[in-house]
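Position 1 is the first residue of the sequence, and the numbers go up from there. Values in this document were obtained by computation on a predicted structure and should not be read as measured data.
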Amino acid sequence: MSNSTPPLLEALSLTKRFNAAKTLLRTTSGVLAVDRVSLSVYPGETLAIVGESGSGKSTLGRLLLGLLPASEGEVWYQGRNICALKKKPLNQLRRELQIIFQDPFSSLNPRMTVGEIIGEPIWLHENVGQEERRQRVRELLKTVGLPAVFDDRYPHEFSGGQRQRIGIARALACGPKLLLGDEPVSALDVSVQAQVINLLAKLKQQFGLTMIIVAHGLAVVRHMSDRTAVMYLGQIIESAPTGALFDSPLHPYTRALIRSAPRLTPGGRRDLPIEAGELPGPGSVPQGCRYHTRCPYARDVCRSWEPVLTPVGEGRQVSCHRWRELQHEGSIVAPPLSEAFLRRHRLFERQISINSSQS
């Protein structure tokens, strides 16, 4: 990515506070979900935002698209500050900034046909007749690998992977420039994940899309993204080209995140422990470096002073007092990936290869 290329979308000191809620039984404390985040997304790239549950990554994604109002900061898209737009111009902008939701089972209206679901954005944003709208819906269904005649069916008649394809078709309906995937494959099994990832890669090339992928699974990130930003307790603590991030993580948390392979259990998805201790709640952010309560390399400076996200060359940024020292000592190196991660990664590779050869 050329440094001379202006960003398509840029966030500046973006902050989101959820205020305290009062009920008859108790008062919940306010939450600082996103804290002074600045980032840029360049035309044609895929940026991944990763982190544990509760890190603020999904909230950040919604702030970037104007789906949530920011408490502070700005989001600039092609010369317009999304945070300052009134309702009507913001709604007009929706056609260029679209989202694919995480859960294909709850994101589609069960009372609407597939044709109505995909055609709704066209009806909202474009003055076209019913027949033209139906033709475009059928073309979109074929684009995402579904038969055109499925437009008269209802969501309950489809599998999870097919429903996610319908959600992708809906997001493409008005020709967006930027697509946000909020964990778009996490609710699907591995073989279907590979199919959807291949589809998104194909659509990115076909339509010249820019993508932001909010993800939990690092195998997904490795296959989909050009750059990766790692979030912890509402802040980006490291960002880098994806290959460099996996090969030589600079932040201790990034290293721990790579080591923690996702696993599937009968009770649902869980993560292996990141480090000793639990993730602090967003309502009780530690003083100093936010990761120091779990970091095996923490020193007094880490407990007292908050580090700043700093450019360190080669398109990388890191927020850690000791990263140079640890890198020099060899403490922060490319970690050995667990067997669970490697098995999942190899299966992913096979499925992507199979699906690519069949397309």
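Of the possible polar contacts, one joining the His292 side chain to the Gln287 backbone as a donor-acceptor pair under 3.5 Å is found. Counting only distance, with no hydrogens or angles, the side chain of Thr210 and the backbone of Gly44 share a donor-acceptor pair below 3.5 Å. Looking only at distances, no side-chain donor or acceptor of Lys16 sits under 3.5 Å from a matching main-chain atom of Leu63. Judged by distance alone, with hydrogens and angles left aside, the side-chain atoms of Glu96 form no donor-acceptor pair with the main-chain N or O of Lys177 at under 3.5 Å. Without hydrogens or angle criteria, Thr59 side chain to Lys57 main chain gives no donor-acceptor distance under 3.5 Å. For Glu120 (side chain) and Ile117 (main-chain N/O), no donor-acceptor pair under 3.5 Å exists by modelled atom type. Judged by distance alone, with hydrogens and angles left aside, the side-chain atoms of Ser304 form no donor-acceptor pair with the main-chain N or O of Val301 at under 3.5 Å. Looking only at distances, no side-chain donor or acceptor of Arg165 sits under 3.5 Å from a matching main-chain atom of Gly160. Side chain of Gln164 to backbone of Phe101: a donor-acceptor contact under 3.5 angstrom is found. The backbone N or O of Pro249 sits nowhere less than 3.5 Å from a side-chain atom of Thr254 that would complete a donor-acceptor pair.
Salt bridge present: Arg136 and Glu126 bring a charged side-chain N and a carboxylate O closer than 4.0 Å. The existence of a salt bridge linking Arg17 and Asp35 is excluded, since no basic side-chain nitrogen approaches an acidic carboxylate oxygen closer than 4.0 Å. Taking the charged nitrogens against the carboxylate oxygens, Asp182 and Arg62 do have a contact shorter than 4.0 Å, which makes a salt bridge. Using a 4.0 Å cut-off between charged side-chain N and carboxylate O, Arg133 and Asp151 make no salt bridge. Taking a cutoff of 4.0 Å between a charged side-chain nitrogen and a carboxylate oxygen, Glu325 and Arg322 qualify as a salt bridge. Using a 4.0 Å cut-off between charged nitrogen and carboxylate oxygen, Glu45 and Arg227 count as a salt-bridge pair.
Among all heavy-atom pairs drawn from Leu245 and Ala240, the shortest one is CD1-CB, 4.0 Å. Between Leu200 and Pro184, the shortest heavy-atom distance links the atoms CD1-CG, 4.5 Å. In terms of heavy atoms, Pro296 sits closest to Arg299 at O-NH1, 4.3 Å. Taking both residues in full, the closest heavy atoms of Pro307 and Cys320 are given as CB-N, 3.8 Å, listed atom of the first, atom of the second, then distance. Taking all atoms of both residues into account, the shortest heavy-atom contact from Val192 to Gly161 is CG1-CA, 3.5 Å. Between Arg163 and Leu108, the closest heavy-atom pair is O-CD1, 3.7 Å.
Rounded to the nearest 0.5 angstrom, Arg170 CZ and Ile122 CD1 are separated by 12.5 Å. Here the CG-SG distance, from Leu14 to Cys83, works out to 6.0 Å after rounding to the nearest 0.5 Å. In this structure, OG1 on Thr15 lies 11.5 Å from CD on Glu74, to the nearest 0.5 angstrom. Here the straight-line distance linking atom NZ of Lys87 with atom CG of Asn91 works out to 6.5 Å at 0.5 Å rounding.
In this view, Arg36 and Glu306 satisfy the salt bridge (Lys or Arg N to Asp or Glu O under 4.0 Å) rule, not counting sequence neighbours.
Defined by atom type and a distance below 3.5 Å, a donor-acceptor pair is present between the side-chain atoms of Thr242 and Thr228. A donor and an acceptor atom, one from each side chain of Arg255 and Ser248, are nowhere located under 3.5 Å apart. Between the side chains of Ser186 and Gln102, at least one donor-acceptor pair of N or O atoms lies under 3.5 Å. Between Glu139 and Gln135, the side chains place no donor N or O within less than 3.5 Å of an acceptor N or O (distance only, hydrogens not considered).
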| Would Tyr232 and Glu52 satisfy side-chain contact (heavy atoms from CB on, under 4.5 Å), going step by step from the backbone distance to the final call? | CA-CA 7 Å; Tyr232 187 79; Glu52 293 173 272; 3.9 Å; yes
| field | Worked verdict on Gln235 versus Leu309 for side-chain contact (heavy atoms from CB on, under 4.5 Å) | value | CA-CA 9 Å; Gln235 291 186 336; Leu309 188 65; over 6 Å; no
| query | Between Trp323 and Val312, does a side-chain contact (heavy atoms from CB on, under 4.5 Å) hold up when you go through it step by step? | reply | CA-CA 10 Å; Trp323 75 269; Val312 296; 3.2 Å; yes
| message | Test side-chain contact (heavy atoms from CB on, under 4.5 Å) on Ile99 and Leu65; report intermediate values, then the result. | response | CA-CA 8 Å; Ile99 184 170; Leu65 265 59; 4.1 Å; yes
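Side-chain atoms of Trp76 and Leu9, non-hydrogen and from C-beta on, never get closer than 4.5 Å to each other. Side chains of Leu188 and Pro104 form a contact here, defined as non-hydrogen atoms less than 4.5 Å apart. By the 4.5 Å heavy-atom criterion applied to side chains, Asp152 and Val114 are not counted as neighbours. Inter-residue side-chain proximity for Arg94 and Leu90 is flagged as met; some heavy-atom pair is nearer than 4.5 Å. Under the 4.5 Å side-chain criterion, counting only non-hydrogen atoms from C-beta, Asp300 is in contact with Arg303. When side chains are defined from C-beta on, Glu238 does not count as touching Ser319, because their heavy atoms never get closer than 4.5 Å. Val221 has its side chain out of reach of Ile213: every pair of non-hydrogen atoms, C-beta onward, lies at least 4.5 Å apart. With a 4.5 Å cut-off on side-chain heavy atoms, Met231 and Leu60 count as touching.
Under the 4.5 Å side-chain heavy-atom criterion for grouping Ile, Leu, Val, Met, Phe, Trp and Tyr, Phe158 is not connected to Phe105 through any hydrophobic cluster. Trp305 and Ile236 fall into different hydrophobic clusters, defined by Ile, Leu, Val, Met, Phe, Trp and Tyr side-chain heavy atoms under 4.5 Å apart, directly or through other members. At a threshold of 4.5 Å between side-chain heavy atoms, the hydrophobic network of Ile, Leu, Val, Met, Phe, Trp and Tyr places Leu178 and Leu12 in two separate groups. Placement of Val128 and Leu124 in two distinct hydrophobic clusters is found when ILVMFWY residues are connected by side-chain heavy-atom separations under 4.5 Å, directly or transitively. Both Leu97 and Leu85 belong to a common hydrophobic cluster when Ile, Leu, Val, Met, Phe, Trp and Tyr are linked at side-chain heavy-atom distances under 4.5 angstrom.
Cation-pi contact between Lys204 and Phe207: absent, since separation from the ring centre below 6.0 Å together with deviation from the ring axis within 45° is not met.
For Glu157, the CD atom is densely surrounded, since the number of other residues' heavy atoms within 6.0 Å is greater than 12. Heavy-atom contacts from other residues, nucleotides or ligands closer than 6.0 Å to CD of Gln130 number 12 or fewer.
Remark: of the listed residues Ile100, Leu140, Thr143, Ile100 is the sole one forming a side chain to side chain contact (heavy atoms under 4.5 Å, CB included) with Ile168.
Relative ring orientation between Tyr291 and Tyr253 is described as perpendicular, the plane-to-plane angle rising above 60° on a 0-90° scale split at 30° and 60°.
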